[in-house]
Engineer: 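One structure follows; several queries about it will come next.
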Amino acid sequence: MTENNSEQRLDFIRQMVVEDNKSGKWKGRVATRFPPEPNGYLHIGHAKSICLNFGIASEFGGTCNLRFDDTNPEKEEQEYVDSITDNVKWLGWDWQDRLYFASDYFQQMYDFAVHIIESGKAYVCDQTADQVREYRGTLTQPGKNSPFRNRSIEENIDLFERMRKGEFADGTKTLRAKIDMAHPNLNLRDPIMYRILRATHHRTGDTWCIYPTYDWAHGLEDSIEGITHSICTLEFENHRPLYDWFIDQLPIHHPQQIEFARLNLTYTVMSKRKLLQLVEQNLVKGWDDPRMPTISGMRRRGYSPESIRNFCTLIGINKFNSTIDIALLEHCLREDLNKTSSRVMAVINPLKVVIDNYPDDQTEMLDAVNNPEDPSAGIRKVPFSKVLYIEQDDFMENPPKKFFRLSPGREVRLRYAYFITCTNVVKDSAGKITELHCTYDPATRGGDAPDGRKVKSTIHWLSAKDAIKAEVRLYDHLFTSANPDDVPEGKKFTDFLNPDSLKTLDNCFIEPSIANAKPLNRFQFERLGYFSVDIDSRPGKLVFNRTTTLKDSWAKIQQKPTADLI
RNA sequence: UGGGGUAUAGUGUAAUGGUAGCACAACUGACUCUGGAUCAGUUUGUCUAGGUUCGAAUCCUAGUACCCCAGCCA
């Protein structure tokens with residue numbers, strides 16, 4: 001079903017690669033790169049790009065470099081470099097020895113700039129930022145030439161060298177390409193190649209006080225590394241003529257830039273600026289908050305790398321903006337976790353149940369299947385005794401028609417254990433149910449009735465004296481709006497944060513078999529969902545994150561008009 | 001208003017002049033010791049209007065809508 005035999009449908013970029021290989025454009029070589037700026041954590045949108053670039057390289061026998069595009073020391077930090085390398089590795093990709101930094105090319109870039117000045121195609125400009133903006137013109141009006149545009153090559157060389165030496169104050173001079181101030185594409189109106197910036201770079205320290213701009217630097221980075229297919233997002237389409245122009249001025253390898261649409265997901269935001277804001281204003285608990293669409297957040301939440309990679313191949317590649325339903329991501333998640341997660345029983349909203357006809361001090365060890373999807377996962381023993389916990393949601397005193405679980409007088413199965421029948425409901429003075437009394441049928445040990453009688457439902461349970469206390473964190477969408485990027489006039493995206501995106505339950509219980517679970521271990525809590533151990537977890541003080549729920553058809557029935565229930 | 005892009009079910013994505021297919025979502029039903037999983041099935045689509053053609057999502061013409069660009073960010 002998932003495979004399509006030899007009839008592989010290729011996205012437009014892969015088709016391009018196939019054609020290039022056919023025509024011999026790059027002599028069969030395929031070299032891509034993933035070029036993040038270390039100014040934030042990677043998110044699921046980056047995963048799309050990572051899987052595209054590394055995926056193409058591996059499918060076509062090529063290489064993919066991990067390259068940090070670190071040309072702006074004001075925003076970049078080593079912490080981000082570390083998180084990015086971790087994330088790419090965790091996703092399962094390998095750049096081998098090809099870890100590069102744009103900052104390692106600063107001298108080469110400088111030399112290339114001198115070459116361009118020598119050919120009369122670049123000049124040092126003394127205009128202020130405001131003047132540059134003013135002279136650039138507008139979308140509909142051409143710009144005006146800078147008064148410094150016609151300096152001699154010698155003067156430009158001299159000034160540029162002195163810029164580098166630190167003779168001029170920040171922002172007082174720039175190096176600009178001499179292209180066309182009337183060009184309809186604003187990017188070609190004498191774009192800035194270097195600015196003076198005294199900021200300590202996380203790798204080069206204070207070696208440089210001039211830094212190359214993206215447009216000037218990026219094509220050079222690609223060229224130096226011998227990239228063939230330089231894949232970037234749609235907003236750089238307008239920059240391609242400039243990418244090409246710079247490289248055409250130099251006697252160097254000329255990669256091809258190809259643009260594709262970035263990923264958008266419902267109920268979340270994907271811009272680094274907005275994610276940074278959530279972190280800095282403490283609207284979430286950090287870049288790796290399990291509600292964040294960051295790779296670190298998703299990992300902490302319990303996502304598997306396989307599920308993310310599968311999602312990235314399913315969504316495809318295109319050239320127009322689209323928003324993927326987060327349900328597809330969750331589908332990929334469940335599909336993978338269903339196959340791989342050990343099942344275990346946990347009760348997150350406990351209700352005490354006493355089995356009146358069960359011996360007071362007896363404990364039995366019952367067999368439970370670890371993973372019905374994977375027989376090799378084997379079985380484990382689960383303790384059963386007189387006093388149990390079940391889920392509050394699994395009992396209703398006055399059940400509607402379609403409620404199949406426990407209620408007064410009704411018999412249900414305790415998973416892997418016994419059939420029980422509710423005989424009495426105990427309430428406190430406020431009328432709240434505090435305890436249930438039941439009887440069990442000893443003949444149904446293991447969960448099967450020798451007389452063949454059926455029950456309408458099977459519920460999970462825990463032996464109260466053996467259960468281990470745990471904290472459980474339930475997550476929901478971070479935003480209440482499907483598209484928080486598109487909010488009504490006068491509203492901010494933060495106005496749509498979901499106040500219920502995190503619910504912490506601290507009176508939960510798990511079965512003793514996972515008492516020693518380690519952070520990031522994944523489980524399925526039967527009938528509740530997939531959970532993983534949070535990094536806040538400590539021995540004796542376990543903390544679980546709900547990665548996602550199981551599909552819940554009862555929840556759906558409940559949402560319908562009550563008429564359906566009665 | 002200048003330039004650059006893009007339009008296929010609710011969402012996403014194929015079909016490259018020859019039966020509009022797939023996935024998710026939604027809805028039925030079967031099965032089930034997880035109201036899980038699995039299986040079977042149903043609903044919904046080519047931006048609009050013309051034209052070329054035996055035949056158009058695909059080619060042509062004219063519209064419409066949406067996205068990107070006026071950082072010394074990337």
Side-chain angles (χ1 to χ4, degrees), chain A residues 1-2 4 9-11 15 35-37 39 69 71-72 74-76 125 127-129 132-134 136-143 170-176 183-189 191-197 210-211 213-215 217-218 232-241 259 261 266 272-273 314-332 334-335 338-339 343 345 368-369 372-373 402-405 413-417 419 446-448 454-460 482 524-529 549-557:
Chain A
M1 292 291 279
T2 30
N4 236 342
R9 286 185 298 233
L10 299 180
D11 57 70
Q15 283 179 34
E37 183 191 10
N39 68 344
D69 200 3
T71 57
N72 182 5
E74 288 187 315
K75 291 185 178 171
E76 297 155 6
C125 181
Q127 285 187 314
T128 64
V132 168
R133 189 179 312 121
E134 189 191 328
R136 184 156 32 225
T138 67
L139 295 177
T140 50
Q141 291 171 327
D170 285 12
T172 55
K173 282 182 167 50
T174 57
L175 181 71
R176 294 230 255 164
H183 199 104
N185 180 341
L186 271 54
N187 294 128
L188 287 273
R189 320 245 262 228
I192 286 166
M193 298 165 65
Y194 278 93
R195 72 273 205 184
I196 302 173
L197 200 61
I210 59 172
Y211 289 93
T213 56
Y214 170 87
D215 285 313
H218 202 87
C232 61
T233 45
L234 243 35
E235 66 269 26
F236 293 105
E237 211 153 19
N238 293 324
H239 295 246
R240 183 163 15 107
E259 309 85 10
T266 55
K272 272 198 211 171
R273 203 202 91 237
L314 275 186
I315 57 178
I317 301 294
N318 58 44
K319 288 205 66 155
F320 54 95
N321 296 303
S322 57
T323 302
I324 310 265
D325 191 337
I326 198 160
L328 182 61
L329 214 209
E330 288 164 356
H331 163 79
C332 293
R334 292 190 181 104
E335 186 181 45
N338 177 49
K339 284 183 297 195
R343 312 289 128 130
M345 290 194 282
V369 173
E373 307 292 321
K402 291 187 177 174
F403 184 86
F404 302 150
R405 283 111 93 148
R413 170 167 39 231
L414 294 180
R415 179 142 233 228
Y416 300 125
F419 285 13
D448 288 307
K454 303 278 187 202
V455 286
K456 287 187 89 173
S457 154
T458 300
I459 64 175
H460 60 275
Q524 183 197 96
F525 289 177
E526 295 228 18
R527 303 207 306 133
L528 295 176
T549 59
L550 254 19
K551 278 205 241 165
D552 187 349
S553 46
W554 167 241
K556 249 180 215 173
I557 293 169

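Each chain gets a letter, A, B and so on, in the order its sequence line appears, and its residues count up from 1.
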Engineer: So does Arg334(A) get a side-chain nitrogen or oxygen closer than 4.0 Å to the phosphate oxygens (OP1/OP2) of A25(B)?
Structural biologist: no

Engineer: Counting distance only, does the side-chain N/O of Thr266(A) pair as donor-acceptor with the main-chain N or O of Ile326(A) below 3.5 Å?
Structural biologist: yes

Engineer: Please classify the nucleic acid contact of Thr174(A) as base, sugar-phosphate, or nothing, using heavy-atom distances under 4.0 Å.
Structural biologist: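 Counting heavy atoms under 4.0 Å across all strands, the contact made by Thr174(A) includes a base.
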
Engineer: Between Arg527(A) and G35(B), is there a side-chain N or O to OP1/OP2 distance below 4.0 Å?
Structural biologist: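 Yes, because at least one side-chain N or O of Arg527(A) sits under 4.0 Å from OP1 or OP2 of G35(B).
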
Engineer: In terms of side-chain heavy atoms of Lys319(A), which of G5(B), C67(B), C73(B) is nearest?
Structural biologist: G5(B)

Engineer: For A74(B), does OP1 or OP2 lie under 4.0 Å from any side-chain N or O of Arg195(A)?
Structural biologist: yes

Engineer: Rounded to whole angstrom, note down the P distance from G41(B) over to G63(B).
Structural biologist: 47 Å

Engineer: To the nearest 0.5 Å, how far apart are OG1 in Thr213(A) and CZ in Arg176(A)?
Structural biologist: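 The OG1 atom of Thr213(A) sits 11.5 Å away from the CZ atom of Arg176(A).
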
Engineer: Kindly compute the distance separating CG (Leu329(A)) from CD1 (Ile315(A)), expressed to the nearest 0.5 Å.
Structural biologist: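 Rounded to the nearest 0.5 Å, the CG-CD1 separation comes to 8.5 Å.
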
Engineer: What's the OH-P distance between Tyr416(A) and G36(B), to the nearest Å?
Structural biologist: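 Rounded to the whole Å, the gap is 15 Å.
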
Engineer: Since syn is defined as within 90° of 0, does G51(B) count as syn or as anti?
Structural biologist: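 It is anti.
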
Engineer: Can a side chain N or O of Thr71(A) be found less than 4.0 Å away from OP1 or OP2 on A74(B)?
Structural biologist: yes

Engineer: Touch check for Ile324(A), heavy atoms < 4.0 angstrom, all strands: base, sugar-phosphate only, or nothing?
Structural biologist: sugar-phosphate

Engineer: Specify the residue among Ala327(A) and Asn72(A) whose closest nucleotide of RNA chain B lies further upstream toward the 5′ end.
Structural biologist: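 The residue mapped nearer the 5' terminus is Ala327(A).
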
Engineer: Using the side-chain heavy atoms of Lys75(A), tell me which of these nucleotides is nearest: C73(B), C72(B), A70(B).
Structural biologist: C73(B)

Engineer: In whole angstrom, what separates Arg413(A)'s CZ from U32(B)'s P?
Structural biologist: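 One finds 11 Å between P of U32(B) and CZ of Arg413(A), rounded.
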
Engineer: Any idea which of G36(B), A25(B), G35(B) is nearest the Asn338(A) side chain?
Structural biologist: G36(B)

Engineer: Over all strands shown, is Leu414(A) touching base, sugar-phosphate only, or nothing at heavy-atom distances under 4.0 angstrom?
Structural biologist: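 No contact at all - Leu414(A) keeps every heavy atom at 4.0 Å or more from the nucleic acid.
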
Engineer: Is a side-chain donor or acceptor of Arg527(A) paired with a backbone partner of Asp552(A) at a separation under 3.5 angstrom?
Structural biologist: no

Engineer: Which part of the nucleic acid, if any, lies within reach of Asp215(A) when heavy atoms closer than 4.0 Å are counted: base, sugar-phosphate only, or nothing?
Structural biologist: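 Nothing: the residue Asp215(A), judged by heavy atoms under 4.0 Å, touches no strand.
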
Engineer: Tell me what Phe236(A) touches on the nucleic acid: a base, only sugar-phosphate, or nothing, going by heavy atoms under 4.0 Å.
Structural biologist: base

Engineer: Taking CG from Asn187(A) and P from C69(B), how many angstroms apart are they, rounded to a whole number?
Structural biologist: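 Interatomic distance, CG of Asn187(A) to P of C69(B): 10 Å.
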
Engineer: Test for a donor-acceptor pair under 3.5 Å between the base of G36(B) and the side chain of Glu373(A), counting only N and O atoms.
Structural biologist: yes

Engineer: Would you say the side chain of Asn238(A) and the base of G3(B) hold a donor-acceptor pair, judged only by whether the two atoms sit under 3.5 Å apart?
Structural biologist: yes

Engineer: When rounded to the nearest 0.5 angstrom, what distance separates CZ in Arg133(A) from OG1 in Thr128(A)?
Structural biologist: 8.5 Å

Engineer: Are G5(B) and Phe320(A) stacked, with the base six-membered ring and the side-chain ring centres under 5.5 Å apart and planes under 30°?
Structural biologist: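 Not stacked by the 5.5 Å and 30° rule.
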
Engineer: What is the nucleic acid contact for Arg405(A), judged by heavy atoms within less than 4.0 Å: base, sugar-phosphate only, or nothing?
Structural biologist: base

Engineer: Would you indicate what Glu74(A) reaches in the nucleic acid, counting non-hydrogen atoms under 4.0 angstrom: base, sugar-phosphate, or nothing?
Structural biologist: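 No contact at all - Glu74(A) keeps every heavy atom at 4.0 Å or more from the nucleic acid.
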
Engineer: Whole angstroms only, please: what is the CG-P distance between Leu329(A) and A23(B)?
Structural biologist: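 Interatomic distance, CG of Leu329(A) to P of A23(B): 19 Å.
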
Engineer: Side chain of Arg415(A): nearest nucleotide among A74(B), G35(B), U34(B)?
Structural biologist: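 Output: U34(B).
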
Engineer: Round to the nearest Å and state the distance from Glu330(A) atom CD to G36(B) atom P.
Structural biologist: 17 Å

Engineer: Please work out if Gln127(A) contacts a base, only the sugar-phosphate, or nothing of the nucleic acid, heavy-atom cut-off 4.0 Å.
Structural biologist: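 Here Gln127(A) touches the bases of the nucleic acid.
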
Engineer: Short question: side chain of Arg189(A), backbone of His183(A) - any donor-acceptor pair under 3.5 Å?
Structural biologist: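 Here the side-chain-to-backbone pair exists.
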
Engineer: Work out which heavy atom in Glu526(A) is nearest to a heavy atom in His460(A); give both atom names and the distance.
Structural biologist: O-ND1, 3.5 Å

Engineer: Side chain of Glu37(A): nearest nucleotide among U34(B), G35(B), A74(B)?
Structural biologist: A74(B)

Engineer: Kindly confirm whether the side-chain ring of Trp554(A) is stacked on the base of G35(B), judged by centres under 5.5 Å and planes under 30°.
Structural biologist: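 Yes, Trp554(A) stacks on the base of G35(B).
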
Engineer: How would you label the contact of Ile315(A) with the nucleic acid (heavy atoms, under 4.0 Å): base, sugar-phosphate, or nothing?
Structural biologist: sugar-phosphate

Engineer: Under 4.0 Å: is that the gap between some side-chain N or O of Arg133(A) and OP1 or OP2 of G71(B)?
Structural biologist: yes

Engineer: Would you call Arg343(A) and Glu373(A) a side-chain contact if the rule is heavy atoms closer than 4.5 Å?
Structural biologist: yes

Engineer: Give Pro372(A) one of three labels, base, sugar-phosphate or nothing, depending on what nucleic acid heavy atoms sit under 4.0 Å from its own.
Structural biologist: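 Base contact.
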
Engineer: Would you indicate what Leu550(A) reaches in the nucleic acid, counting non-hydrogen atoms under 4.0 angstrom: base, sugar-phosphate, or nothing?
Structural biologist: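 Touches a base.
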
Engineer: With heavy-atom distances below 4.5 Å as the criterion, would you say the side chains of Thr174(A) and Met193(A) are in contact?
Structural biologist: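 They are not in side-chain contact.
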
Engineer: Does G36(B) have OP1 or OP2 sitting under 4.0 Å from an N or O in the side chain of Ser553(A)?
Structural biologist: yes

Engineer: For U34(B), does either OP1 or OP2 sit under 4.0 Å from a side-chain N or O belonging to His460(A)?
Structural biologist: no

Engineer: Please give, in whole Å, the distance from A70(B) P to Ile192(A) CD1?
Structural biologist: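 In whole Å, A70(B) P lies 13 Å from Ile192(A) CD1.
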
Engineer: Is any side-chain nitrogen or oxygen of Arg136(A) closer than 4.0 Å to OP1 or OP2 of G71(B)?
Structural biologist: yes

Engineer: I want to verify a distance call: between G35(B), G36(B), A74(B), whose nearest atom is closest to the His239(A) side chain?
Structural biologist: A74(B)

Engineer: If you check every side-chain atom of Ile557(A), which of G35(B), U34(B), C69(B) has the closest atom?
Structural biologist: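 Out of G35(B), U34(B), C69(B), the nucleotide with an atom closest to Ile557(A)'s side chain is G35(B).
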
Engineer: Could you work out which one of A14(B), U34(B), U1(B) sits closest to the side chain of Asp11(A)?
Structural biologist: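 When the side chain of Asp11(A) is considered, A14(B) is the closest of A14(B), U34(B), U1(B).
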
Engineer: Which nucleotide sits closest to the side chain of Gln524(A): U34(B), A14(B), A37(B)?
Structural biologist: U34(B)

Engineer: Under 4.0 Å, counting only non-hydrogen atoms across every strand here, what does Thr128(A) touch: a base, just sugar-phosphate, or nothing?
Structural biologist: base

Engineer: Starting from Watson-Crick (N1-N3 plus N6-O4 or O6-N4) and G-U wobble pairs under 3.5 Å, report the runs of at least three that RNA chain B belongs to.
Structural biologist: B:2-7 with B:64-69, B:10-13 with B:21-24, B:26-30 with B:38-42, B:47-51 with B:59-63

Engineer: Using 4.0 Å as the upper bound for N to carboxylate O, is an ion pair formed by Glu37(A) and Lys75(A)?
Structural biologist: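 The answer is no: the pair does not qualify as a salt bridge.
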
Engineer: Between C69(B) atom P and Asn185(A) atom CG, what is the distance in whole Å?
Structural biologist: 12 Å

Engineer: To the nearest angstrom, how far is Lys551(A) atom NZ from A26(B) atom C1'?
Structural biologist: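 Result: 11 Å.
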
Engineer: With a 4.0 Å cutoff (strictly under), does any side-chain N or O of Lys173(A) reach OP1 or OP2 of C72(B)?
Structural biologist: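 False: Lys173(A) side-chain N/O out of range (4.0 Å or more) of C72(B) OP1/OP2.
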
Engineer: Does a side-chain N or O of Lys556(A) approach OP1 or OP2 of C27(B) to a distance below 4.0 Å, or not?
Structural biologist: yes

Engineer: Name the closest nucleotide to the Ala129(A) side chain, picking from A23(B), C72(B), A74(B).
Structural biologist: C72(B)

Engineer: What's the spacing between Gln15(A) CD and Leu10(A) CG if we round to 0.5 Å?
Structural biologist: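 Spacing of CD (Gln15(A)) from CG (Leu10(A)) equals 6.0 Å.
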
Engineer: With a 4.5 Å limit on heavy-atom distance, are the side chains of Asn238(A) and Leu186(A) in contact?
Structural biologist: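 In short, these two side chains do not touch, never coming nearer than 4.5 Å.
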
